[in-house]
Amino acid sequence: QVHVVESGGGSVQAGGSLRLSCATSGSANSNICMGWFRQAPGKEREGVAAIYTGSNATTYVDSVKGRFTVSHDNAKNILYLQMNSLKPEDAAMYYCARRPRYYDRLCYAWSEYINWGPGTQVTVSS
């Protein structure tokens with residue numbers, strides 16, 4: 001059974017930074033896509049950033065490009081999301097997930113992710 005746990009959320013002022021971590025266990029993350037998602041109150045969950053662990057190729061939603069960086073430590077099986085220049089509209093519950101059923105690099109196929117963690121809250125004040 002795969003376990004996924006996010007951490008690193010918190011409350012920051014606009015312009016600040018946070019680094020989220022996602023620890024996984026129960027399965028290797030080799031050559032799959034892993035992604036970060038977020039859901040604000042009253043809104044649908046959206047894919048934010050993803051990485052193909054085989055090549056470290058990344059993909060981002062337009063609203064976070066240039067501000068967020070996704071990375072994966074293959075040795076530790078930890079996914080990271082470095083978030084800089086945070087804006088109030090970035091406030092949400094952030095989740096990580098895996099896309100283990102596909103060994104391609106279509107990491108933007110957000111609906112194909114499974115193995116969700118409980119999430120970590122990010123609050124950004126203006």
Side-chain angles (χ1 to χ4, degrees):
Q1 187 175 359
V2 177
H3 292 278
V4 177
V5 179
E6 304 91 342
S7 62
S11 182
V12 298
Q13 290 189 329
S17 298
L18 284 173
R19 188 176 82 154
L20 306 184
S21 298
C22 172
T24 66
S25 61
S27 183
N29 296 326
S30 302
N31 299 313
I32 65 169
C33 294
M34 296 188 69
W36 286 98
F37 295 73
R38 65 187 181 189
Q39 187 169 21
K43 295 187 177 181
E44 293 187 355
R45 185 172 60 197
E46 65 168 341
V48 174
I51 187 168
Y52 179 73
T53 61
S55 65
N56 288 328
T58 57
T59 187
Y60 299 93
V61 68
D62 285 345
S63 60
V64 307
K65 283 181 180 177
R67 301 188 298 121
F68 290 13
T69 302
V70 59
S71 60
H72 183 258
D73 186 322
N74 292 336
K76 297 180 179 179
N77 257 6
I78 298 178
L79 181 71
Y80 299 100
L81 184 67
Q82 178 66 44
M83 305 187 295
N84 298 328
S85 302
L86 282 161
K87 303 176 181 180
E89 52 263 42
D90 294 318
M93 184 72 81
Y94 281 72
Y95 303 89
C96 79
R98 303 169 69 248
R99 184 175 171 267
R101 298 172 180 168
Y102 305 89
Y103 292 96
D104 56 44
R105 303 181 184 185
L106 304 180
C107 296
Y108 52 82
W110 305 114
S111 63
E112 295 173 352
Y113 284 76
I114 60 172
N115 302 143
W116 298 91
T120 186
Q121 183 69 47
V122 172
T123 303
V124 184
S125 57
S126 57

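Hydrogens, waters and symmetry mates play no part in the numbers below; they use all other heavy atoms, side chains included. Position 1 is the first residue of the sequence, and the numbers go up from there.
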Look only at the side chain of E112 and the backbone of R99, and say whether a donor-acceptor pair between them is shorter than 3.5 Å.
-> no
Check whether more than 12 heavy atoms from other residues, nucleotides or ligands sit under 6.0 Å from atom CD of Q13, and answer yes or no.
-> no
Nearest 0.5 Å please: distance from the CG atom of D90 over to the CE atom of M83.
-> 7.5 Å
Considering only heavy atoms from C-beta outward, does the side chain of V12 approach that of S17 to under 4.5 Å?
-> no
Side-chain heavy-atom pair V122, R38 within 4.5 angstrom cut-off | no
Decide side chain to side chain contact (heavy atoms under 4.5 Å, CB included) for I51 and L79; before the verdict, give the C-alpha distance in whole Å, the side-chain angles of both, and the deciding distance to 0.1 Å.
-> CA-CA 9 Å; I51 187 168; L79 181 71; 3.6 Å; yes
Any side-chain heavy-atom pair of T24 and C22 under 4.5 Å | yes
Find the distance between OG (S63) and CZ (F68) and round it off to the nearest 0.5 Å.
-> 7.5 Å
Do Y113 side-chain atoms and C107 backbone N/O form a donor-acceptor pair below 3.5 Å?
-> yes
Do any N or O atoms from the side chain of Q121 and from the backbone of A92 form a donor-acceptor pair under 3.5 angstrom?
-> yes
Specify the closest pair of heavy atoms between P88 and A14, including all atoms of both residues, with the distance to one decimal.
-> CD-CB, 4.1 Å
Between W36 and Y94, is the gap from one ring center to the other below 6.0 Å?
-> no
Does L81 share a hydrophobic cluster with I78, counting links as ILVMFWY side-chain heavy atoms below 4.5 Å and allowing steps through other members?
-> no
For K65 and D62, run salt bridge (Lys or Arg N to Asp or Glu O under 4.0 Å): C-alpha distance rounded to whole Å, both residues' side-chain angles, the deciding distance at 0.1 Å, then the answer.
-> CA-CA 5 Å; K65 283 181 180 177; D62 285 345; 3.0 Å; yes
Please check if L106 and F37 belong to a single hydrophobic cluster, counting links between Ile, Leu, Val, Met, Phe, Trp and Tyr side chain heavy atoms closer than 4.5 Å.
-> yes
Counting only N and O atoms by type, is there a donor-acceptor contact under 3.5 Å from the side chain of S85 to the main-chain atoms of G15?
-> no
Honestly curious: do M34 and Y60 fall in one hydrophobic cluster under the side-chain, below-4.5 Å linking rule?
-> yes
Determine whether R98 and S27 make a side-chain contact, defined as any pair of heavy atoms from C-beta on separated by less than 4.5 Å.
-> yes
Cluster link V61 to L86, ILVMFWY, side chain under 4.5 Å = yes
Heavy-atom pair of closest approach, residues K43 and Q39 = O-NE2, 3.1 Å
Side chains of E6 and L20: closer than 4.5 Å at any heavy-atom pair?
-> no
Going only through I, L, V, M, F, W and Y residues with side-chain contacts under 4.5 Å, is there a path from M93 to W110?
-> yes
So which of T58, I32, N29 actually passes side-chain contact (heavy atoms from CB on, under 4.5 Å) with H72?
-> N29
Taking side chain as C-beta onward, heavy atoms only, is Y52 less than 4.5 Å from D104?
-> no
Between W116 and V2, is any pair of side-chain heavy atoms under 4.5 Å apart?
-> no
What is the distance from atom CZ of R19 to atom CG of N84, rounded to the nearest 0.5 Å?
-> 11.5 Å
Any side-chain heavy atom of N74 sitting closer than 4.5 Å to one from T53?
-> yes
